Peer 1: 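Can you read through this structure? Questions will come right after.
Since this is a predicted model, take the numbers as computed values, not measurements.
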Amino acid sequence: MSEYFKGIGNISYEGSKSDNPLSYKYYNPEEVVAGKTMRDHFKFGLSYWHTLCAEGVDMFGEGTADKSFGAACAMDHAKHKVHACFELLGKMDIDYFCFHDRDVAPEGATLAESNKNLDIIVDEIEGAMKQSGKKLLWGTANLFSNKRFVHGAGTAPNADVFAYAAAQIKKALEVTVRLGGTGYTFWGGREGYETLLNTKMGFELDNMARLMHMAVEYGRKIGFTGDFYIEPKPKEPMKHQYDFDAATAHAFLQKYGLMGDFKLNIEANHATLAGHSFQHELMYARENGLLGSIDANTGDLLLGWDTDQFPTSIYEAAFCMLEVLKAGGFTTGGLNFDAKARRGSFDPEDIFLSYISGIDAYALGLKIAAKIIEDGRIDKFVEDRYASYKTGIGADIVSGKVGFVELEKYAIEMGEVATNKSGRQEYLESLLNQIIIG
């Protein structure tokens, strides 16, 4: 079998003092942090689309990276990508991968041909999985690239497009089950609108819910026992996408009776596009029992679009892992690197360097998150800030013993509020630095 990344050996943990760029400085897979190994905490995933398919094309220029892997035709290319993927997984000691159906196999002239192509390549993937022990984290269908989805898939005004999307999801679910995936993701890339002048918003949302209910019904029928995920994103490629943020997706799931089967796949770059921090979206999902899986990346705040960069901020990684630890860890989900090397980083080695940078950042983030919890001062400050709700009138409010009449009586007898306590934001930010630096 061909070696696609020649001259690059297995990436191993060498510690923070190592000057070998092709080594982990902080990620020690078997090191125990907060009761579990790092490997078990993260369930790191490789993104098939960015890693094996993205060539550095942008709206202003052609690709800069060669991702042909020596193939001469489309189906051979797809087979070569499979073996390149598992070489990467093996050399980087990553246990999981994620893909869209069209990342894996080329689209044919008909849906039947596309399905046949997919089956051929899934045979290759299944064989590679059995040989390597690597696993599928989640699968999904690409319902946004082909021009048939110009006006959406589940929200398309054309019923034929809806039917095609349903058929494509059916096949993607079958593949996910066959490969043992524990999640199935809906990213509504074109499920939204560009102008309300031609849009029946309510009808489109109803149709998106119909499609998701069909997916749940069929998935459970064929043995899918994992979670379905909605991946929030506010815009791009559409002006407005219906899964705007975690709260919007939550409301949708509640309205349409999908809460029992769906959780959220939170992406860092999508959070900032929605005007939120990554931690905000994660905390909202955790507080509402919806934290399913994570797409780890980052955006450039000086650019107004989804840049999908590898995450290197220790603070962001720490805040992320703080929410994961407080949620009790991942169940069906994991931490998938939905990230790509920059267009100017086009050497094969740059793929390894990119993943190392992200994995090491999260390893540090996990250790910091565990230290924050173990230190306890920040959590204690927050608890103390809300202490007035544990006794007296506060406890009566929480328990529902009082209403407006009783609260008015209490307020009149109290007079003016005696005091408020400082939020001490600057102290807490300084304390965070102290915990990180030691």
Peer 1: Return each pair, listed once, that meets ring-ring contact (aromatic ring centres under 6.0 Å, His included) where at least one residue sits in residues 37-62; pairs must be two or more places apart or across chains.
Peer 2: Tyr27-Phe44, Phe42-Phe44, Phe44-Phe337, Trp49-His100, Trp49-Trp138

Peer 1: Would you call Asp306-Lys235 a salt bridge at under 4.0 Å N-O?
Peer 2: no

Peer 1: Mind listing the side-chain donor-acceptor pairs of residues 403-414 below 3.5 Å, one per line with the distance, residues two or more places apart or on another chain?
Peer 2:
from, atom 1, to, atom 2, distance (Å)
Glu406, OE1, Gly403, N, 2.8
Lys409, NZ, Glu413, OE2, 2.7

Peer 1: Would you say that Phe99 contacts Leu179 through its side chain, given a criterion of any heavy-atom pair below 4.5 Å between the two side chains?
Peer 2: yes

Peer 1: Do Asp93 and Ile11 touch side chain to side chain, with heavy atoms closer than 4.5 Å?
Peer 2: no

Peer 1: Answer yes or no: are there more than 12 heavy-atom neighbours, outside Tyr427 itself, under 6.0 Å from its atom OH?
Peer 2: yes

Peer 1: Report the C-alpha separation of Ile435 and Glu374 in whole Å, then their side-chain angles, then the decisive distance to 0.1 Å, and conclude whether the side chain to side chain contact (heavy atoms under 4.5 Å, CB included) test is met.
Peer 2: CA-CA 10 Å; Ile435 293 170; Glu374 184 180 359; over 6 Å; no

Peer 1: Run the side-chain donor-acceptor check on residues 141-157: report pairs under 3.5 Å with partners two or more places apart or on a different chain.
Peer 2:
from, atom 1, to, atom 2, distance (Å)
Asn142, OD1, Phe144, N, 3.0
Asn142, OD1, Ser145, N, 3.0
Asn142, OD1, Ser145, OG, 3.4
Asn142, ND2, Ser145, OG, 2.9
Asn146, OD1, Arg148, N, 2.9
Asn146, ND2, Glu107, OE1, 3.4
Arg148, NH1, Glu107, OE2, 2.9
Arg148, NH2, Glu107, OE2, 2.9
Arg148, NH2, Tyr164, OH, 3.3
Thr155, OG1, Glu191, OE1, 2.5

Peer 1: Can we say Lys233 and Glu267 salt-bridge, meaning some charged N sits less than 4.0 Å from an Asp/Glu carboxylate O?
Peer 2: no

Peer 1: Can you list every ring-ring contact (aromatic ring centres under 6.0 Å, His included) pair that touches residues 191-226, not counting sequence neighbours?
Peer 2: Tyr193-His240, Phe224-Phe228

Peer 1: Within the supplied structure, the quantity of interest is the number of heavy atoms (other residues, nucleotides, ligands) at a distance under 6.0 Å from Asp19 CG; does it exceed 12?
Peer 2: no

Peer 1: Crowded around Ile314 CD1? As in, over 12 foreign heavy atoms under 6.0 Å?
Peer 2: no

Peer 1: Checking Ser313 now: which residues fulfil side chain to side chain contact (heavy atoms under 4.5 Å, CB included) with it, not counting sequence neighbours?
Peer 2: Tyr315, Glu316

Peer 1: Between atom CD1 of Ile125 and atom NZ of Lys81, what is the distance when rounded to the nearest 0.5 Å?
Peer 2: 9.5 Å

Peer 1: Answer yes when Arg220 and Glu217 have at least one side-chain N-carboxylate O distance shorter than 4.0 Å, and no when they do not.
Peer 2: no

Peer 1: With no hydrogens and no angle check, do the side chains of Gln279 and Ser277 hold a donor and an acceptor under 3.5 Å apart?
Peer 2: no

Peer 1: When rounded to the nearest 0.5 angstrom, what is the spacing between CD1 in Ile368 and CD1 in Ile436?
Peer 2: 4.5 Å

Peer 1: State the CG-CE distance between Asp206 and Met201, to the nearest 0.5 angstrom.
Peer 2: 12.0 Å

Peer 1: Hey, could you give me each pair passing ring-ring contact (aromatic ring centres under 6.0 Å, His included) that has a residue in residues 271-306? Not counting sequence neighbours.
Peer 2: His250-Tyr284, His276-His280

Peer 1: Is any side-chain N of the basic residue among Glu236 and Arg190 closer than 4.0 Å to the acidic one's carboxylate O?
Peer 2: no

Peer 1: Would you say that Tyr362 contacts Met38 through its side chain, given a criterion of any heavy-atom pair below 4.5 Å between the two side chains?
Peer 2: no

Peer 1: Do Leu205 and Tyr256 make a side-chain contact, defined as non-hydrogen atoms from C-beta onward lying under 4.5 Å apart?
Peer 2: yes

Peer 1: Is there a salt bridge (charged side-chain N to carboxylate O under 4.0 Å, His left out) between Glu126 and Arg178 once you walk through the steps?
Peer 2: CA-CA 8 Å; Glu126 190 172 43; Arg178 178 181 169 188; 2.8 Å; yes

Peer 1: Any non-hydrogen side-chain atom of Met238 less than 4.5 Å from a side-chain atom of Glu194?
Peer 2: yes

Peer 1: Do the charged groups of Glu323 and Arg286 touch, with an N to O distance under 4.0 Å?
Peer 2: yes

Peer 1: Taking the side chain as every heavy atom from C-beta outward, state whether Leu335 and Leu137 have any atom pair closer than 4.5 Å.
Peer 2: no

Peer 1: Going by side chain to side chain contact (heavy atoms under 4.5 Å, CB included), name the residues that satisfy it together with Glu30, two or more places apart in sequence or in a different chain.
Peer 2: Thr37, Arg39

Peer 1: Provide the closest heavy-atom pair for Pro311 versus Thr298 in the form atom of the first, atom of the second, distance.
Peer 2: CA-CG2, 4.1 Å

Peer 1: Does Tyr184 have any ring pair (Phe, Tyr, Trp, His ring centres under 6.0 Å) partners at least two apart in sequence or in another chain, and if so, which?
Peer 2: Phe186

Peer 1: Among residues two or more places apart or on two chains, list those pairs meeting side-chain hydrogen bond (donor to acceptor under 3.5 Å, both in side chains) that have a residue in residues 415-424.
Peer 2: none

Peer 1: Would you call Lys134 and Asp95 a salt bridge, using N to O less than 4.0 angstrom?
Peer 2: yes

Peer 1: Checking Thr51 side chain against Ser47 main chain: does a donor-acceptor pair fall under 3.5 Å?
Peer 2: yes

Peer 1: Apply side chain to side chain contact (heavy atoms under 4.5 Å, CB included) to the pair Met208 and Asp243, showing each step before the final yes or no.
Peer 2: CA-CA 11 Å; Met208 188 159 71; Asp243 300 324; 3.8 Å; yes

Peer 1: Tell me every residue that passes side chain to side chain contact (heavy atoms under 4.5 Å, CB included) with Asp227, counting only those two or more places apart in sequence or in another chain.
Peer 2: Tyr229, Lys263, Thr331, Thr332

Peer 1: What's the separation between atom CG in Leu290 and atom CG in Leu282, rounded to the nearest 0.5 Å?
Peer 2: 12.0 Å

Peer 1: Mind checking whether Ile94 and Met92 have side chains closer than 4.5 Å, heavy atoms only?
Peer 2: yes

Peer 1: For Glu204 and Tyr242: C-alpha separation, side-chain torsions, deciding distance, then whether side-chain hydrogen bond (donor to acceptor under 3.5 Å, both in side chains) applies.
Peer 2: CA-CA 9 Å; Glu204 291 193 358; Tyr242 290 133; 2.6 Å; yes

Peer 1: Side chains of Ile294 and Val324, heavy atoms from C-beta outward: is any pair under 4.5 Å?
Peer 2: yes

Peer 1: Hey, could you give me the CG/SG distance between Asp103 and Cys85, rounded to the nearest 0.5 Å?
Peer 2: 10.5 Å

Peer 1: List the residues meeting side chain to side chain contact (heavy atoms under 4.5 Å, CB included) with Lys380, not counting sequence neighbours, and say none if there are none.
Peer 2: Asp384

Peer 1: Should Lys171 and Leu118 be marked as a side chain to side chain contact (heavy atoms under 4.5 Å, CB included) after you check the CA-CA gap, both sets of side-chain angles, and the distance that decides it?
Peer 2: CA-CA 9 Å; Lys171 184 65 176 178; Leu118 191 55; 3.8 Å; yes

Peer 1: For Leu88 and Ile351, run side chain to side chain contact (heavy atoms under 4.5 Å, CB included): C-alpha distance rounded to whole Å, both residues' side-chain angles, the deciding distance at 0.1 Å, then the answer.
Peer 2: CA-CA 9 Å; Leu88 284 167; Ile351 297 174; 4.0 Å; yes

Peer 1: Going from NZ on Lys170 to CE on Met214, what distance comes out if it is rounded to the nearest 0.5 angstrom?
Peer 2: 13.5 Å

Peer 1: Hey, could you give me each pair passing salt bridge (Lys or Arg N to Asp or Glu O under 4.0 Å) that has a residue in residues 338-366? Not counting sequence neighbours.
Peer 2: Asp58-Arg343

Peer 1: So does Ala395 get a backbone contact from the side chain of Ser399, meaning a donor-acceptor N/O pair under 3.5 Å?
Peer 2: yes

